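Below is one structure, written out as structure tokens; the observations come after it.
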There are 2 protein chains.
Amino acid sequence: MAAKGLTKDKILMQAVAYIEDTGQPTISLHELARRLGIKTPSLYNHIANTKELQYEIFRYAIEKFVANQQAATKGKTKDDAVKAFAEAYYSFATQNKGLYRLIMSIPSEHDERAKEMAVPLLNTVIDILSDYGLSEENIAHWQRVLRAILHGFISQEDLGYFYYYGSMDLSKSREIAIQCFLDGLHTELKKTIH
Amino acid sequence: MAAKGLTKDKILMQAVAYIEDTGQPTISLHELARRLGIKTPSLYNHIANTKELQYEIFRYAIEKFVANQQAATKGKTKDDAVKAFAEAYYSFATQNKGLYRLIMSIPSEHDERAKEMAVPLLNTVIDILSDYGLSEENIAHWQRVLRAILHGFISQEDLGYFYYYGSMDLSKSREIAIQCFLDGLHTELKKTIH
DNA sequence: TTGGCAAACTAACACTATTAGTTTTAAAAT
DNA sequence: ATTTTAAAACTAATAGTGTTAGTTTGCCAA
């Protein structure tokens, strides 16, 4: 009963499909095997363990996210690029909830492998901020600030922490948040140039 | 073998102790029972299920967090209050990693009970921002912005997403993030007042 | 002293991941 | 064409989650 033509890649794609469909960041091996028409332990002929599969999905998610961001900011600079980036970031996170949740649950502080995979994700923001003529050090700082705003917003919206006054005008809040970032950055730039 | 004097409260405290010690947001019923000197199913004489226990711990965590924030901002206003709040928020989250992780993993969008428990947590920020003379609507927006920055920062630091250039100067980044919020807010206030 | 009830227990089930050992089958080697 | 071999499926079993059902224990109050 060998060889149904199953490959690691087909397993990965099935897992991704589930995550994209359900919005959950994980899939059990049982459910995954069921969808592939095999028994659970047979998966171990193709993958080492769940952690490895998670890494594969993680890599896929990162690549998709990065490609999305690059497409969204291509040809744009400064504030326009920041706004487009923020828009793309939010759209991706809400439209690919499962993948985004996975991205934001995998790398733990001491997992060098996951951190390395995530590097391209950091570079997208750094690229954008390099238009402003900030020092290397300041780019590192402001990259964190922008990332904090975007993730903090999405994460808490997802958790239900932004329900105050109903779910009042989340898009207006997002707009204000980005404008806040830009105003803060402009204030910093004025100080530095002077 | 009835009556070891075990109560729901003692179970809660043991669970909290574990979470505070380990930094993990959860404890297995097996481990919890082991620490209490009973067998796992005996826990069900005191709690309905894990979810209920989570709620209890959640309530405890919220109360502790809120008390901490109120103490830190007492007597302070405007920028001073914001800075003190941000400081306290960060300290709590890093020194009570397990409880903070729990707070930021429990309420899912459709869990009204958890959302209700979390209300005091939202009010602390709203109190602070009400010093600025913003409209109700703007307070709701800016409260989200501040919360987004704080949580986004801590969450990603915890996940290892801020390791860029080593773990360069995280405290400087935090300072810049808060200053960014204040500058953004001041810009908004100038616009409004005209 | 004797019920009765709260609170412990044991035994079992369902669902997770995982390992060991076995069989099947497709493709490569004779 | 047949044999061999190795990948890829399988079954059976273990350990760790939470949980339920049914049983025993022991304290306290009638």
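Both backbone and side-chain heavy atoms feed into the values below; hydrogens, waters and symmetry mates do not. Just so it is clear, the structure is predicted and the values come from calculations on it, not from any experiment. Proteins come first, then strands; the chains are lettered A, B, ... in the order of their sequence lines, and each starts at number 1.
Proximity of A:S42 to the phosphate of D:dC10: a side-chain N or O atom is located under 4.0 Å from OP1 or OP2. In terms of phosphate contacts, A:H46 brings no side-chain nitrogen or oxygen within less than 4.0 Å of OP1 or OP2 of D:dA7. Taking only side-chain nitrogens and oxygens, A:T50 never comes nearer than 4.0 Å to OP1 or OP2 of C:dT16.
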Could you give me the CA-CA distance, side-chain angles and deciding distance for A:H151 and B:S155, then say whether side chain to side chain donor-acceptor pair (under 3.5 Å) is met? CA-CA 8 Å; A:H151 174 59; B:S155 168; 3.2 Å; yes
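Classification of the A:F181-A:W142 ring pair by plane angle, with boundaries at 30° and 60°, yields perpendicular.
Counting heavy atoms from C-beta outward, A:N68 and A:N96 have side chains that stay 4.5 Å or more apart. Using a 4.5 Å cut-off on side-chain heavy atoms (C-beta onward), B:L121 and B:F65 make contact.
Sequence order on DNA chain C of the closest nucleotides to A:P41 and B:K39 puts B:K39 first from the 5' end.
Among the atoms of the strands shown, only primed sugar atoms or phosphate atoms (P, OP1, OP2) are found under 4.0 Å from some heavy atom of A:S28.
One interatomic measurement links the two molecules: CD1 of A:I47 to P of D:dA8, which rounds to 14 Å at whole-angstrom precision. Remark: C1' of C:dC9 and CZ of B:R34 are 19 Å apart, rounded to the nearest angstrom. In this structure, A:K51 atom NZ and C:dT18 atom P are separated by 10 Å, rounded to whole Å. Following rounding to the nearest Å, A:L43 (CG) and D:dA7 (C1') show an atom-to-atom distance of 15 Å. To the nearest angstrom, P of C:dA8 lies 12 Å from CG of B:L32. The distance between atom CG of A:N49 and atom C1' of C:dT16, rounded to the nearest whole Å, is 14 Å. For the pair A:I38 CD1 and C:dT23 P, the computed distance is 20 Å after rounding to whole Å. Protein atom CD of A:Q54 is 10 Å distant from nucleotide atom P of C:dT18, rounded to whole Å.
Residue-to-nucleotide contacts include a donor-acceptor pair under 3.5 Å from the side chain of B:N45 to the base of C:dA8.
Judged by distance alone, with hydrogens and angles left aside, the side-chain atoms of A:N49 form a donor-acceptor pair with the main-chain N or O of A:E52 at under 3.5 Å.
Distance from the side chain of B:Y44 is smallest to D:dG18 among C:dA7, D:dG18, C:dT19.
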